[in-house]
*Asks:* 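Let me give you the structure first, and then I'll get to my questions.
None of the values given here were measured: they were computed from a predicted structure. Letters A, B, ... are given to chains in the order of the sequence lines, protein chains preceding strands, and every chain is numbered from 1.
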Amino acid sequence: MVGMKMILPSPGKLMALNCTLFAPSRGLPFRHGHLPRFPIPTVSMNEFMLPRWFASKPPPEIFALNKRISHLVRTGLLAEARVLFDSSSQRNTITWNSMITGYVKSGEISKARDLFDEMPTRDVTSWNVMILGYTRSHRGVHGFVDEARAMFEQMPERDHVSWNTMISAYARIGRMDEALKLFQAMPDRTVVSWNAMVSGFLWNADMARAVELYEQMPERDSASLSAIISGLVQNNKLDEAAGILEKYGSKICWKKGLVHAYDTLVAGYAQRGQVKEARALFDVIPKGEKNVVSWNTMIMGYTRVGDIESARRLFDEMTERDTFSWNTMISGYVHNRSMENASNLFCGMPEPDILTWNLMVSGYAESGNLWLALDLFKRMPKKNLVSWNTMIAAYGTNNDFKGAIDLFIRMLVEGEKPDRHTLSSVLAACTGLVDLHLGLQIHQMVVKTVIPDLPINNSLITMYSRCGAISEALLLFNEVKAYKDFISWNAMIGGYASHGLAVEALELFELMKRIGVKPTYITFISILNACAHSGLVEEGRGHFQSMTQEYGIEPRVEHFAALVDLLGRQGQLEEAMEVIESMAMEPDKAVWGALIGACRMHNNIELAWVAAEALMRIEPDSSAPYVLLYNMYADVGQWDEATKVREVMEKHDIRKHTGHSRVGSL
DNA sequence: GTAGGGTTAG
């Protein structure tokens with residue numbers, strides 16, 4: 001019966017059918033090619049009345065066509081499927097349904113609807129696919145679920161798939177009342193209906209009702225169990241999940257997909273870094289029942305906690321790996337700061353996908369190897385937005401801001417549309433280049449392309465404040481009332497500080513603390529610099545002290561540099577030197593640079609020599625300390641000493657233009 | 001050879 005509803009024979013076939021099957025029994029004489037007088041028994045036709053070969057088998061060419069079309073649809077080659085569909089003279093309902101499914105799955109609901117309206121005979125699947133299409137299309141938060149419901153009401157007959165599709169649709173958008181009404185109204189609930197309801201409660205954070213319904217289920221399969229475990233895991237109820245798995249898992253056999261439920265809980269433990277628990281569960285799964293997901297999940301668990309060796313042991317043990325396995329392992333190497341191992345795997349991987357390439361590019365970029373990152377980026381067979389964003393950000397983190405901008409332009413030329421991540425990186429590059437003109441242009445693009453959020457606003461504030469457009473920065477800073485984080489504050493305070501507006505910086509700093517936003521080490525760098533530039537020695541020292549004592553922030557080398565600068569500028573050179581000697585870490589060139597600058601300012605040649613020698617050790621090729629010493633001697637007219645410095649410099653073959661250190665500009 | 005519920009990364 002079911003088979004016949006779908007396969008309505010063409011009129012010619014039907015006629016022949018009636019000749020052979022019904023006419024003789026009724027004893028009515030008729031000639032071949034004439035329509036019989038009695039009603040054509042379409043409804044009562046079933047497989048008992050028809051030869052099996054006719055009832056279940058369409059012509060082989062249609063079968064082949066359908067197989068081809070559904071294959072193309074599944075592999076996403078929709079346009080090719082459509083060409084084949086249009087060029088075929090013989091189609092049946094499955095041909096149409098397959099084509100409609102293609103449009104539905106790619107979200108082209110209006111094309112699907114056109115075909116649906118056009119098709120000569122619709123079966124229950126045609127309706128079900130259209131309903132599914134409407135429920136999965138997006139319009140606002142509710143999608144086209146009301147359209148789906150209208151079709152559901154309109155369809156001539158419904159089967160359990162129709163009901164289940166509709167229930168699932170309501171459950172997904174949180175209309176559990178509607179879902180429940182349908183669930184109660186449907187004539188024969190299947191395990192899928194129950195699962196849809198249970199999942200619905202899970203998605204809508206109603207754990208209690210989900211569990212309650214789960215316990216009431218007449219039968220549970222592995223999907224039900226996976227769903228409930230997934231819900232419990234998401235609600236951090238790992239123990240309860242383990243209990244449910246133990247209680248109900250024993251009633252489901254491995255052959256019926258019990259492994260999925262195990263995978264879910266293994267993943268739950270893995271995500272929380274509980275590798276021991278994950279491994280114990282993983283080991284319960286019989287060897288032959290472990291699937292690729294089980295292995296991948298366990299490998300992921302190990303990489304997450306940085307146990308890359310155990311991850312690799314499992315990876316090597318696997319008999320069948322998929323792209324996911326390779327990517328997880330490569331990602332593990334990339335994130336546990338080992339590009340050599342990642343690269344070895346990458347080279348041995350049979351079919352790297354975009355994710356693999358992106359992983360490798362970001363790995364090289366993060367390890368500072370911009371050149372290799374770029375090389376891989378150029379050789380990518382296919383790029384997506386993430387690839388572009390990764391590479392643009394890579395330039396930024398390696399301080400090649402010009403490179404970031406150039407690549408961004410290239411991206412636009414190639415027709416790729418930037419998103420908030422791209423624009424954020426590009427704004428950071430504008431900041432690095434202190435290019436207000438470009439920053440303004442990017443701001444325009446931000447306004448046109450994305451809904452501003454906190455990170456993008458922070459990027460804008462940072463860009464404006466660093467480029468000296470303090471009033472624009474302040475405008476944006478004040479605009480984001482509800483969502484301001486420490487980055488916003490740091491950006492604004494840093495902007496004031498770097499433009500000599502120490503009073504404003506300090507005022508904002510006080511406000512920040514009063515509001516309850518915790519300052520970070522970056523805030524203190526700005527504050528100490530602001531104090532240094534405006535000679536607020538005691539205030540600066542006080543902030544340095546409160547940083548360590550009140551906020552528990554370990555002073556970094558930048559703080560010491562600012563403190564040395566602060567003291568040195570005021571002529572407290574001995575105190576500055578004491579600070580350097582008290583440092584737990586090796587002073588860097590900024591620290592010594594601050595000291596040598598102060599020495600020149602206050603004509604302390606002895607201490608200048610100490611700083612200069614330290615700088616020469618740090619950067620042997622830099623001319624800056626020599627130039628500074630030369631100038632100091634020249635200032636006081638000690639030309640013989642000045643000449644000596646110059647001779648030593650020439651002897652070491654140091655040219656004046658080498659080394660663009662910050663010290664050189666002091 | 002077409003439709004519905006559940007699992008793993010970034």
*Asks:* Consider the side chain of Gln271(A), meaning its heavy atoms from C-beta on, and name the nucleotide among dG5(B), dG4(B), dT8(B) that approaches it most closely.
*Replies:*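 Nucleotide nearest to Gln271(A)'s side chain: dT8(B).
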*Asks:* Of all the choices, dG6(B), dG5(B), dT2(B), which nucleotide is nearest to the side chain of Arg136(A) once you look at every atom?
*Replies:*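 Minimum distance to the Arg136(A) side chain belongs to dG5(B).
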*Asks:* Nearest whole Å is fine: how far is dA9(B) P from Tyr302(A) OH?
*Replies:*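 Distance check: Tyr302(A) OH to dA9(B) P gives 17 Å.
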*Asks:* Using whole Å, what does the distance between atom P of nucleotide dA3(B) and atom CE of Met119(A) come to?
*Replies:*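 Nearest whole value for this atom pair: 14 Å.
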*Asks:* Under the 6.0 Å and 45° cation-pi test, does Arg321(A) pair with Trp326(A)?
*Replies:*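 Yes - Arg321(A) lies over the ring of Trp326(A), closer than 6.0 Å to its centre and within 45° of its axis.
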*Asks:* Side chain of Met300(A), heavy atoms from C-beta onward: which of dG5(B), dT2(B), dA9(B) has the nearest atom to it?
*Replies:*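 It is dA9(B).
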*Asks:* Would you call the rings of Phe144(A) and Tyr134(A) parallel, tilted or perpendicular, taking 30° and 60° as the class edges?
*Replies:*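 If you compare the ring of Phe144(A) with that of Tyr134(A), the planes turn out tilted.
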*Asks:* Given dG4(B), dT7(B), dA3(B), identify the nucleotide with an atom nearest to the side chain of Thr264(A).
*Replies:*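 Nucleotide nearest to Thr264(A)'s side chain: dT7(B).
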*Asks:* Need one value for Arg172(A): base, sugar-phosphate or nothing, where a base atom within 4.0 Å counts as base even if backbone is also close, heavy atoms only.
*Replies:*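 Sugar-phosphate contact only - Arg172(A) comes under 4.0 Å of backbone atoms but never of a base.
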*Asks:* Taking the side chain of Val293(A) as heavy atoms from C-beta outward, which of dA9(B), dG5(B), dT7(B) is closest to it?
*Replies:*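 When the side chain of Val293(A) is considered, dT7(B) is the closest of dA9(B), dG5(B), dT7(B).
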*Asks:* Picking from Phe377(A), Tyr364(A), Phe346(A), Trp388(A), what satisfies ring-ring contact (aromatic ring centres under 6.0 Å, His included) with Trp357(A)?
*Replies:*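 Going through the options one by one, the only one that passes is Phe346(A).
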*Asks:* Check every atom of dT7(B), dA3(B), dA9(B) against the side chain of Ser230(A) and return the nucleotide holding the closest atom.
*Replies:*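 Nearest nucleotide to the side chain: dT7(B).
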*Asks:* Let's see if you can work this out: which of dT8(B), dA3(B), dG5(B) has an atom nearest to the side-chain heavy atoms of Thr297(A)?
*Replies:*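 Of the candidates, dT8(B) comes closest.
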*Asks:* Just to be sure I understand the rule, does Lys256(A) reach a base, reach only the sugar-phosphate, or reach nothing, if contact means heavy atoms closer than 4.0 Å?
*Replies:*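 The answer is nothing, as Lys256(A) stays clear of every strand by at least 4.0 Å.
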*Asks:* Contact class for Leu355(A) vs. all strands (heavy atom < 4.0 Å): base, sugar-phosphate, or nothing?
*Replies:*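 Since a base atom lies under 4.0 Å of Leu355(A), the category is base.
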*Asks:* What's the closest nucleotide to the Thr101(A) side chain, out of dG5(B), dA3(B), dT7(B)?
*Replies:*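 Closest nucleotide among those given: dA3(B).
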*Asks:* With the side chain counted from C-beta on, respond yes when Ser162(A) and Val124(A) share a heavy-atom pair under 4.5 Å apart, and no when they do not.
*Replies:*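 A side-chain contact exists here, since the closest heavy-atom pair is under 4.5 Å.
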*Asks:* I'd like to know if Ser331(A) reaches the base of dG10(B) with its side chain, counting only an N/O donor and acceptor under 3.5 Å.
*Replies:*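 Absent.
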*Asks:* Rounded to whole angstroms, how far apart are CG on Asn327(A) and P on dT8(B)?
*Replies:*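 Going from CG in Asn327(A) over to P in dT8(B) covers 16 Å.
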*Asks:* Base, sugar-phosphate, or nothing for Ser222(A), non-hydrogen atoms under 4.0 angstrom?
*Replies:*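 Base: the residue Ser222(A), judged by heavy atoms under 4.0 Å, touches a nucleobase.
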*Asks:* It should be established whether Lys105(A) places a side-chain nitrogen or oxygen under 4.0 Å from OP1 or OP2 of nucleotide dG4(B).
*Replies:*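 Answer yes for this pair, as a side-chain N or O of Lys105(A) is under 4.0 Å from OP1 or OP2.
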*Asks:* Would you call the rings of Phe152(A) and Trp163(A) parallel, tilted or perpendicular if under 30° counts as parallel and over 60° as perpendicular?
*Replies:*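 Ring orientation, 0 to 90° scale: perpendicular.
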*Asks:* What pairs of residues pass the salt bridge (charged side-chain N to carboxylate O under 4.0 Å, His left out) test when at least one of them lies in residues 247-271 of chain A, not counting sequence neighbours?
*Replies:*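 Those involving residues 247-271 of chain A are Glu215(A)-Lys247(A), Lys255(A)-Glu289(A).
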*Asks:* Let me know the distance between CG of Leu232(A) and C1' of dG6(B), rounded to the nearest Å.
*Replies:*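 Whole-Å distance recorded here is 13 Å.
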*Asks:* Taking atom P of dA9(B) as reference, at what distance in whole Å does atom CD1 of Ile308(A) sit?
*Replies:*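 So the CD1-P distance, Ile308(A) to dA9(B), works out to 15 Å.
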*Asks:* Distance check needed: dA9(B) C1' versus Phe346(A) CZ, whole Å only.
*Replies:*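 Spelled out: CZ on Phe346(A) to C1' on dA9(B) is 17 Å.
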*Asks:* Answer with base, sugar-phosphate or nothing: what part of the nucleic acid does His160(A) contact at a heavy-atom distance below 4.0 Å?
*Replies:*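 Since a base atom lies under 4.0 Å of His160(A), the category is base.
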*Asks:* What about Asn358(A): does its side chain form a donor-acceptor pair under 3.5 Å with the base of dG10(B)?
*Replies:*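 By the distance-only test, no, there is no pair.
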*Asks:* Would you kindly check whether a donor in the side chain of Thr190(A) faces an acceptor in the base of dG4(B), or vice versa, at under 3.5 angstrom?
*Replies:*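 Between dG4(B) and Thr190(A), which were checked side chain against base, a qualifying N/O pair under 3.5 Å is present.
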*Asks:* Once you round it to whole Å, what is the distance between P of dG10(B) and CE of Met329(A)?
*Replies:*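 So the CE-P distance, Met329(A) to dG10(B), works out to 14 Å.
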*Asks:* Below 4.0 angstrom, N of the basic side chain to O of the carboxylate: do Glu366(A) and Arg337(A) qualify?
*Replies:*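 Salt bridge between Glu366(A) and Arg337(A), a charged N being under 4.0 Å from a carboxylate O: yes.
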*Asks:* Starting from P on dG10(B), measure out to NE2 on His421(A) and report it in whole angstrom.
*Replies:*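 Interatomic distance, NE2 of His421(A) to P of dG10(B): 15 Å.
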*Asks:* Counting side-chain heavy atoms from C-beta on, which of dA3(B), dT8(B), dG5(B) comes nearest to Trp203(A)?
*Replies:*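 Of the candidates, dG5(B) comes closest.
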*Asks:* Report the nucleotide, chosen from dG5(B), dA3(B), dT2(B), that has the shortest atom-to-atom distance to any side-chain atom of Ser199(A).
*Replies:*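 Of all the options, the side chain of Ser199(A) is nearest to dG5(B).
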*Asks:* What is the nucleic acid contact for Arg74(A), judged by heavy atoms within less than 4.0 Å: base, sugar-phosphate only, or nothing?
*Replies:*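 Here Arg74(A) touches the backbone only, sparing every base.
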